[in-house]
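Residue numbering restarts at 1 for every chain, and letters A, B, ... go by the order of the sequence lines.
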Amino acid sequence: MEEQPRVRVMVVDDHPMWRDAVAKDLDDAGFTVVATAATGTEALNRFRATRPKVVVLDLQIPAPSGVEVTATVLQEDPSARVLILSASGEQDDVLEAVKAGATGYLVKSASRAELIAAVQRVSVGDSVFTPGLAGLVLGEFRRMAQDPGPTTLPGEQLTERETEVLRMVAKGMSYKQIAERLVLSHRTVQNHVQNTLRKLQLHNRVELTRYAIEQGLDD
Amino acid sequence: MSTRAAVAVENRMFRALAVLRVVVLVNAVALIAYRNNYDHPTAGWFCVALMVGWTIYAIATYAKPIRRTVRLMVADLGIAVGLLVATPFVKGEWFSSTIPGFWIMGALLAWAVRYGWRGGLVASVVLGGTDLLIRADFDQGNYGYVFLILLGGPIVGYLVESLQQMAAERDRAEREAAAADERARLARVVHDGVLQVLALVQRRGAEIGGAAEELGRLAGEQEQALRTLIRSQDRVTAPDGPGTEDLAGALGALAHRPGVEVALPGGPVELPSAVVAELVAVVGACLDNVTRHVGPGAPAWVLVDDLGDRVAVSVRDEGDGIPEGRLAAARAEGRLGVSESIEGRIRDLGGTATLSTGSFGTEWELVVPRTEGGR
């Protein structure tokens with residue numbers, strides 16, 4: 001990334017100590033922290049004003065929630081990336097944020113090096129998974145498959161290979177290890193993982209649309 | 001009982017009673033008009049007018065809880081008794097049915113609803129007794145009628161009391177659930193702050209090094225413990241049916257072991273309690289094995305995958321794997337190795353345990369079928 005322009009980042013956290021620590025770490029690592037925010041409202045206003053590439057977002061912030069901020073940010077600028085940095089690992093919230101389009105998730109106890117690597121990877125369009133998040137996403141696809149309701153479109157279902165890769169991520173294997181085990185390229189593994197997120201988000205959008213039509217909100 | 005729930009039940013009952021009052025009034029008036037066998041028709045029509053008037057007044061007055069006074073209750077019963085007493089004078093001594101007939105049910109049930117089984121009993125004794133006293137002769141039919149009144153009053157009263165009790169209990173349970181939710185929400189806010197600080201101390205401690213590193217490590221342990229506690233708390237839900245438990249919640253608690261990371265689906269994974277207990281024990285044994293062979297605090301991962309008709313649990317480490325031939329050697333020596341014990345226990349649950357081991361580490365894949373008591 002030495003040659004590239006510095007990645008513009010916004011840090012959203014209601015805890016000042018954390019906000020400053022994360023902002024400083026990112027700044028030291030060569031990112032440009034264009035804004036920080038303590039609440040959802042601040043986050044949206046400053047996002048509109050500064051247009052950062054990556055939003056490092058705590059889910060537990062004063063309203064609007066981290067999930068809503070994720071959805072709004074990505075609706076206004078689909079090229080932006082959201083990395084969830086969460087303290088308590090509130091599972092439901094994390095899953096909702098990922099469905100809303102967040103492409104990375106990290107717990108706050110992650111080291112500085114992990115944080116910097118995660119922001120770097122998210123900024124170039126890769127997704128950052130923890131085993132915990134992979135388990136949640138896998139569980140969500142399993143639930144969809146067993147749902148007796150409207151059948152899931154083929155485009156929203158995981159292929160066998162994608163399921164296999166997702167399970168391996170959930171078992172704590174790195175992309176490199178998975179690539180070795182399955183004799184695939186690192187890039188292919190990365191694509192499979194990204195596809196699972198893309199399909200989950202697609203399914204979420206389809207669900208929302210379906211809901212809107214049912215409620216007569218489509219006109 | 002003066003709780004909101006009790007009043008709500010009473011209101012419902014009085015609304016139903018209002019309908020009943022109209023039905024029995026129409027019935028009484030129709031019978032009187034049809035038979036038209038009164039000694040004193042004018043007095044008879046006066047009685048009918050009284051019944052109509054009182055029915056309208058009673059329905060309007062009973063509608064408001066605050067107007068259900070003792071005076072109203074006594075008047076209601078008094079008018080019914082009065083009409084019974086008037087019968088021999090208005091209809092003649094040898095009447096068979098009384099003037100109000102079934103209309104007295106209004107007063108009887110009002111007492112039962114308002115004062116429970118005791119009220120129902122008092123009103124039924126008063127009405128039944130009056131019915132007996134005014135008759136010149138007493139036959140089988142009268143006896144049956146009085147007997148039913150004596151049974152009906154207390155029974156309806158008792159039912160109303162029971163309904164009120166149940167409604168009050170349900171209200172209390174709902175309030176307690178709401179309070180628990182609120183407590184959990186407040187706790188989450190507090191915990192979130194604590195977790196933030198612990199995570200920060202851990203991170204900064206590791207960076208500063210020296211004595212601070214030890215502080216950071218301690219903070220990290222506490223952070224992990226608190227996070228596990230919150231997760232298991234979030235997962236405390238009423239089980240689906242009797243004898244089932246949430247496997248995800250039970251295995252999630254293993255994350256407090258150093259180095260262990262547990263990946264779970266979002267919701268509960270309900271399985272029979274015995275299966276959950278056995279799976280937790282087997283996964284614990286797998287993790288003990290990791291500690292023994294790879295080292296204390298060695299990283300290990302547990303994944304719970306709910307496939308609907310079966311549940312897969314995998315336990316993985318990144319040690320050197322089990323050396324080739326060691327399992328066979330143990331078997332040859334007649335020792336029951338840990339792996340045999342794991343396989344046997346899962347087989348007893350009707351499932352399969354698959355071991356893959358090599359330079360990449362060791363991985364157990366435990367699959368148990370889901371029989372009844374599933375999702």
> How far does CG of B:Leu200 sit from NE2 of A:His15, to the nearest 0.5 angstrom?
Replying inline: 7.5 Å
> Which one, A:Arg112, A:Met17, A:Lys108, leads in non-hydrogen pairs under 4.5 Å with chain B?
Replying inline: A:Arg112
>> Please classify the contact of A:Arg167 with chain B as side chain, backbone, both or neither, using a heavy-atom distance under 4.5 Å.
In response: both
> Considering residues, nucleotides and ligands other than A:Glu160, do more than 12 of their heavy atoms fall under 6.0 Å from its CD?
Replying inline: no
> With only heavy atoms counted, which part of A:Leu115 is less than 4.5 Å from chain B, the side chain, the backbone, both or neither?
Replying inline: side chain
> For A:Ala21, is it the side chain, the backbone, both, or neither that has a heavy atom closer than 4.5 Å to a heavy atom of chain B?
Replying inline: both
> Any side-chain donor paired with an acceptor under 3.5 Å for B:Ser356 and B:Glu363?
Replying inline: no
>> With a sphere of 6.0 Å drawn around CD of B:Glu213, does it hold more than 12 non-hydrogen atoms of other residues, nucleotides or ligands?
In response: yes
>> Counting heavy-atom pairs closer than 4.5 Å to chain A, which one of B:Glu318, B:Arg204, B:Gln202, B:Arg203 comes out on top?
In response: B:Arg203
>> Only pairs of heavy atoms separated by less than 4.5 Å count here; which of B:Val304, B:Leu198, B:Leu307, B:Asp309 has the most with chain A?
In response: B:Leu307
> If we ignore angles and hydrogens, is there a donor and acceptor under 3.5 Å between the side chains of A:Glu68 and A:Ser65?
Replying inline: yes
> Would A:Asn45 and A:Thr41 satisfy side-chain contact (heavy atoms from CB on, under 4.5 Å), going step by step from the backbone distance to the final call?
Replying inline: CA-CA 6 Å; A:Asn45 289 338; A:Thr41 315; 3.9 Å; yes
>> Report which part of A:Gln177 has an atom under 4.5 Å of a heavy atom belonging to chain B: side chain, backbone, both, or neither.
In response: side chain
